[in-house]
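Below is one structure, written out as structure tokens; the observations come after it.
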2 protein chains.
Amino acid sequence: MTTPQRGDIPHRPKVAVMEDVAELAGVSAMTVSRVLNAPEKVRPETRARVLAAVQELGYRPNSAARVLVTGRSGVLGVVSFDTTQYGPASTLYAIERAARQNEYSVSIASLDALNRKSIAEGVGRLTSQSVDGVIIVAPHESATDGLRHLPPDLPAVAVDAGDGVPFPVVMVDQHAGAARATRHLLSLGHRTVWHLSGPANWVDANARVAGWRSVLEAEGREVREPLVGDWSARSGHELGRRLALEDDLTAVFAANDQMAMGLLRALREAGRRVPEDVSVVGFDDIPEAAYFWPPLTTVRQDFATVGRLAFQLVLDRIDGVLGERRLKVEPELVVRESAGVSPPG
Amino acid sequence: MTTPQRGDIPHRPKVAVMEDVAELAGVSAMTVSRVLNAPEKVRPETRARVLAAVQELGYRPNSAARVLVTGRSGVLGVVSFDTTQYGPASTLYAIERAARQNEYSVSIASLDALNRKSIAEGVGRLTSQSVDGVIIVAPHESATDGLRHLPPDLPAVAVDAGDGVPFPVVMVDQHAGAARATRHLLSLGHRTVWHLSGPANWVDANARVAGWRSVLEAEGREVREPLVGDWSARSGHELGRRLALEDDLTAVFAANDQMAMGLLRALREAGRRVPEDVSVVGFDDIPEAAYFWPPLTTVRQDFATVGRLAFQLVLDRIDGVLGERRLKVEPELVVRESAGVSPPG
DNA sequence: TTCCCGAGTGTTTGCGATAACACTCATCCC
DNA sequence: GGGATGAGTGTTATCGCAAACACTCGGGAA
């Protein structure tokens with residue numbers, strides 16, 4: 001037993017490795033490896049001895065060594081933008097959950113900007129860490145463009161991407177959700193529906209505009225130019241003040257709940273009652289939506305399902321299975337009190 | 001050159017390794033390694049040749065191999081609970097940002113429950129992935145208890161933990177924030193302040209109760225039993241209906257903005273005007289708080305700073321530097337319109 | 001009896017990088 | 001001129017694990 005030198009800090013406190021376990025159990029390292037990876041190939045008594053030794057030494061396999069030899073890390077990369085927002089955060093959470101249940105863990109790369117370069121860099125940060133696969137949550141057109149320039153053999157899956165990406169895509173059917181919201185408002189007797197949209201170049205925003213527009217056009221209603229916000233309550237409020245000036249305004253479909261919230265306040269400040277004078281429908285169904293004033297009618301996105309499906313798809317890709325190209329999750333209209341019948345013209 | 005066998009899928013598409021770069025540049029692998037890790041030790045011309053080769057082959061170092069030999073992964077683990085909430089999500093985001101700026105990447109482990117076992121398991125999932133350090137965001141008493149049972153030599157830092165944990169702790173000074181909110185309400189002329197607290201055993205909730213109580217006691221005001229919510233708008237609404245029945249109610253301090261939102265609605269439904277009849281102050285300053293009706297006076301928590309500091313502290317611990325034991329970030333009172341002068345008794 | 005087979009285990013090798021040390025010169029000093 | 005010096009580069013060993021292959025049995029078929 002070597003005594004520590006003066007001042008020596010035992011820096012790596014000598015953690016047990018496979019060889020130590022083998023020795024304690026009186027077998028070879030290979031047998032230990034087998035107990036851990038293919039227990040059925042080891043006689044039960046031997047297995048028990050090995051497991052006891054593992055327990056006693058508190059042995060944990062060194063993943064770096066395993067990765068080096070197997071080429072598999074059991075780590076999934078997620079690149080995303082602004083995970084403080086409800087949508088991305090929920091998606092990330094669902095992915096992590098699904099991953100955990102499948103013995104995967106997840107490594108994240110947040111993006112500062114949404115463009116080709118930063119996407120490539122985020123993916124690069126992850127792949128150089130030897131992740132087995134990547135899920136990219138970046139619902140922006142330029143991110144979509146970035147995806148097109150990634151190596152197509154990368155085991156990747158996109159969430160909420162536009163068309164023409166070389167990977168499977170999972171997304172909520174935004175078009176259908178927006179259409180549902182718009183139809184709901186028309187069914188209440190409104191002559192037309194205004195739209196408070198998300199920022200240009202966000203795929204969700206565009207799809208919602210398209211869904212909204214398609215219903216109005218199909219029904220032959222007037223299509224007013226959408227007002228473009230930035231998803232924030234602030235922008236909803238600001239644009240809401242402009243909307244409140246329109247006196248033929250009776251119904252508004254806001255592209256997310258935060259903007260709807262700002263809108264609600266602007267309408268109230270302008271003396272327009274909701275839903276008596278103006279009806280409002282949002283999108284997302286954030287947990288607080290039911291406690292807006294009035295409670296918000298909105299379109300619920302099932303992020304948990306999106307996350308789960310995305311994980312399932314990367315898993316398939318990692319295993320070389322070619323799965324669906326494009327999976328859509330149905331959104332659901334949640335009727336509360338912010339939308340009512342059209343006031344008599 | 002071996003021709004692929006029939007049916008053979010070239011499974012690992014032969015990515016370039018250091019030896020390939022070395023060969024192309026006409027040097028040894030060691031020199032390539034040096035160019036990458038200690039460029040000043042290599043003659044400029046050699047370095048240029050190597051870098052050109054790296055470029056040409058698209059070489060990326062294999063991190064697993066590097067980890068195996070250096071014992072350092074450049075990965076930071078973050079264990080947290082419910083990252084869909086604004087606070088944890090913001091903290092996580094700030095940590096990721098700080099990490100990225102220091103060439104670290106982050107791996108996450110979400111917890112399904114907050115107890116000793118799940119904390120240990122979360123930390124275990126991360127350490128077995130050879131993270132260099134861990135930040136634990138689990139502001140619950142039983143999580144704090146879990147921390148006490150972790151190996152104290154683990155390079156870990158806790159965010160928002162209770163006392164007596166064997167790691168440095170970073171947190172917003174909840175006590176001071178709550179005191180500030182309470183004092184603000186008293187300064188407006190209210191005789192006392194009610195409290196809508198967070199759930200029992202959450203360290204933030206407890207600290208806010210303590211801060212609120214300490215001010216009332218110091219000023220000799222009546223201390224009404226706090227109503228205990230669960231952070232959600234739903235619970236704020238429900239408890240708010242009970243509060244609305246108290247006719248000596250003039251001021252409420254809610255432990256977070258979501259509960260304040262529910263409370264606001266309950267008060268309005270009961271015909272109590274805010275701030276004319278009842279003043280409300282929240283906690284967090286979520287981005288929407290300014291668009292509540294009325295705009296919410298609240299206490300802003302600087303999660304970005306918390307995240308940055310936490311990262312700095314783990315970094316120190318990883319490097320063996322012994323830093324602060326407990327770092328507090330000052331919260332800030334943001335005055336908006338939901339709190340006003342006390343109505344004449 | 002002999003041979004084969006396969007279950008169970010061991011030995012060797014290699015994954016891709018870096019640490020530690022060895023080597024080669026040109027330079028500089030006395 | 002001889003040796004010390006140090007900058008620049010190469011060689012070898014090693015990290016911890018698993019794949020591939022080798023070995024040792026005991027039992028059943030021929």
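Keep in mind that what you see is a predicted model, and the values were worked out from it rather than measured. Here is the naming used below: chain letters follow the sequence lines, and residue numbers restart at 1 for every chain.
- In this structure, T70(B) does not reach the dC15(D) phosphate: none of its side-chain N or O atoms is under 4.0 Å from OP1 or OP2.
- Partner of V321(B) under the side-chain contact (heavy atoms from CB on, under 4.5 Å) criterion, out of D316(B), L313(B), L315(B): D316(B) alone.
- Under the 3.5 Å distance criterion, with hydrogens and angles disregarded, no donor-acceptor pair is assigned to the side chains of S142(A) and N115(A).
- For the pair T46(B) and dT9(D), the criterion of a side-chain N or O lying under 4.0 Å from OP1 or OP2 is met.
- Summarising the geometry of A109(B) relative to R125(B), their closest heavy-atom pair is CB-NH2, 3.4 Å, with the distance given to 0.1 Å.
- The side chain of V17(A) has dC17(D) as its nearest neighbour among dT9(D), dC17(D), dA19(D).
- The nearest whole Å value for the distance from the CG atom in N62(B) to the C1' atom in dG16(C) is 6 Å.
- In this structure, K41(A) atom NZ and dT24(D) atom P are separated by 21 Å, rounded to whole Å.
- Look at CD on E19(A): it is 12 Å from C1' on dG10(C), rounded to the nearest Å.
- Look at S33(B) and you won't find any side-chain N or O under 4.0 angstrom from OP1 or OP2 of dA17(C).
- Between E96(A) and R100(A) a salt bridge is recorded (basic side-chain N to carboxylate O distance below 4.0 Å).
- With dT9(D), dA17(C), dG16(D) as the choices, the nucleotide that has an atom nearest any side-chain atom of R43(B) turns out to be dT9(D).
- Taking atom CG of residue L68(A) and atom C1' of nucleotide dT13(C), one finds them 13 Å apart after rounding to whole Å.
- The side chain of S28(A) approaches dT11(C) more closely than any other nucleotide in the set dG16(C), dT11(C), dG16(D).
- Side chain R34(A) to base dG10(C): a donor-acceptor pair is found below 3.5 Å.
- Atoms CE (M30(B)) and C1' (dC21(C)) sit 11 Å apart, rounded to a whole Å.
- Atom-to-atom distance recorded for S110(A):OG and F81(A):CZ is 9.5 Å, nearest 0.5 angstrom.
- Side-chain proximity of T31(A) to the nucleotides dG10(C), dC17(D), dA17(C) is greatest for dG10(C).
- Remark: P of dT14(D) and CE of M18(A) are 20 Å apart, rounded to the nearest angstrom.
- Regarding N37(B), its CG atom lies at a distance of 16 Å from the P atom of dT9(D), rounded to whole Å.
- Atom CD of E40(B) and atom P of dT9(D) are 13 Å apart (whole Å).
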